[in-house]
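Before any comments, here is the structure.
Computed from heavy atoms alone, side chains included, the values below leave out hydrogens, waters and symmetry copies. As the structure lists them, so they are numbered: ligands from 1, and atoms in each ligand from 1. Start at 1 with the first residue, then count along the sequence.
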Amino acid sequence: MREFVHEAQPMRVVLKPGAAVTATPGEAERLGLRRLLVVSGPRGAHTARTVADALGDSCAGLHTEARMHVPAEVADRAVEAARELGADGCVAVGGGSAIGLGKVIALRTRLPLIAVPSTYSGSEMTPVWGLTEHGAKRTGRDPSVLPRSVVYDPELTLSLPVPLSVTSGLNAVAHAAEALYAPDASPLVALTAEEGARAMTAALPALATAPEDLDARGRALYGAWLCGAALGATTMGLHHKLCHVLGGTFGLPHAETHTVVLPYALAFNAPAAPEAMAALGRALDTDDVPNALRDLARRLGAPRSLAGLGLKEADLPLAATAATAQAYPNPRPLTTEGVLDVLRAAWAGDEPRPAP
Ligand code: NAD
């Protein structure tokens, strides 16, 4: 018998082509919201305007200044805009950056949030917020930032360029992979993560070949939903810690870094996480998960090494020290030397091998 604790997240999810425009107004109405601030990044402004137009009189304003990692000054301006407009809720349209801004607005104002994701980052399914101040990113968990409603519209992702679709999709697979060996995973989370990884890894080759294939886009969003739900329910380990350090301290791009690091973090953890590896093996139809993920990324033209992402070899020891400075759950005990080996292999893009 497996003992567990499982807590369901109180949220509603809609997935349907066209839903950004056709379903968002109804979701706002269900929540009783009549003065919504719509937020997005500058590149997503056009899509956000379409959603704002669909909301009609229920839209109080449009704010298109979201930026990666939610800089404090960006958050301050958005919170001010929400207060000035007398908003009673927020709709975040875009990737993890726009949803991250919506979460900080929710955190500071307690306004309910509706998320309309346009990438596969999974942020919309988690109660985790992030804020960057004086060059350092703080994160925290707070139930108030969990979107009340998530509207998945595959049509929004048609414009997501293939390279970003691939790395964003593998970012989602990383959530599922680490959820599978998280100390707080439950049987339901494990099923969710395995199916999420299966759906996403099957959809990515299809949409890389035919980016306009709405069915493949829908299957990828379905995978992103499940992988994000697994992320939201669990505590992440070495892989997410490494990516947090590489993004936060060395400025490496989020989804690309997840794509490069994942096979190496999994090769390190594999000997201590046989059940997680078996589940991922079923999902990817392989008995060598790290190499299957590396091959998938390579076939789809994704970056293959941290060196290729611009990290200097001389920075590896500092990254290893930062990733082991504080304790966090991981199936295999962590040493600075062990983590440095993982980083060295990911830096060079070598074949991932289980560390001794
Ligand atoms: P992003 O939101 O920064 O988007 C990347 C780029 O893609 C941007 O230039 C954006 O304008 C563009 N883009 C997004 N959707 C598009 C579309 N459909 N068509 C064309 N262009 C599009 O990147 P992301 O990877 O989605 O999110 C990364 C951020 O989210 C990071 O700050 C990360 O820390 C955060 N995140 C947080 C959580 C959490 O649980 N809190 C989870 C995952 C990611």
Below 3.5 angstrom, do we get any N/O pair linking Val128 and ligand 1? yes
So, regarding Lys137 and ligand 1 (criterion: nitrogen or oxygen to nitrogen or oxygen, under 3.5 Å), is there a contact or not? yes
Decide yes or no on salt bridge (charged side-chain N to carboxylate O under 4.0 Å, His left out) for Arg198 and Glu195, but give the supporting numbers first. CA-CA 5 Å; Arg198 178 180 293 114; Glu195 171 64 3; 3.0 Å; yes
Gly95: numbered ligand 1 atoms lying under 4.0 Å from its heavy atoms: 2 (O), 26 (O)
Ligand-residue contact atoms, ligand 1 with Ser118, heavy atoms, under 4.0 Å: 14 (C), 15 (N), 16 (C), 17 (C), 18 (N)
Just to confirm my output: which protein heavy-atom neighbour is closest to [atom], and how far is it?
atom: atom 4 (O) of ligand 1; value: Thr119 CG2, 4.4 Å
atom: atom 1 (P) of ligand 1; value: Ser97 OG, 3.4 Å
atom: atom 19 (N) of ligand 1; value: Ser159 OG, 2.8 Å
atom: atom 6 (C) of ligand 1; value: Leu164 CD2, 3.7 Å
atom: atom 18 (N) of ligand 1; value: Leu156 O, 2.9 Å
atom: atom 43 (C) of ligand 1; value: Ser121 O, 3.3 Å
atom: atom 32 (O) of ligand 1; value: His69 ND1, 2.9 Å
atom: atom 44 (C) of ligand 1; value: His254 NE2, 3.6 Å

Hey, is Lys103 one of the residues with a heavy atom under 4.0 angstrom from ligand 1? yes
Would you kindly say whether [X] and [Y] are connected by a side-chain donor-acceptor distance under 3.5 Å?
X: His239; Y: Glu178; answer: no
X: His240; Y: His175; answer: yes
X: Thr235; Y: Asp184; answer: yes
X: Thr324; Y: Thr336; answer: yes
X: Glu275; Y: Tyr181; answer: no
X: Ser144; Y: Lys103; answer: no

Quick test of your reading of the structure: of [options], whose heavy atom lies closest to [atom]?
atom: atom 40 (O) of ligand 1; options: Leu146, Thr132, Thr126; result: Thr126
atom: atom 21 (N) of ligand 1; options: Arg141, His258, His240, Arg43; result: Arg43
atom: atom 23 (O) of ligand 1; options: Gly96, Gly130, Ala45; result: Gly96
atom: atom 16 (C) of ligand 1; options: Leu160, Leu158, Asp153, Asn171; result: Leu160

Any side-chain heavy-atom pair from Leu221 and Leu15 closer than 4.5 angstrom? yes
Under the rule for side-chain hydrogen bond (donor to acceptor under 3.5 Å, both in side chains), what residues qualify as partners of Tyr120, not counting sequence neighbours? Arg217
Answer yes if a protein heavy atom lies under 4.0 Å from atom 10 (C) of ligand 1, otherwise answer no. no
List the atom pairs, donor and acceptor, that lie under 3.5 Å between side-chain atoms in residues 298-312 and the rest of the protein, sequence neighbours left out.
| from | atom 1 | to | atom 2 | distance (Å) |
| --- | --- | --- | --- | --- |
| Arg298 | NH2 | Asp295 | OD1 | 3.2 |
| Ser305 | OG | Gly308 | N | 2.9 |

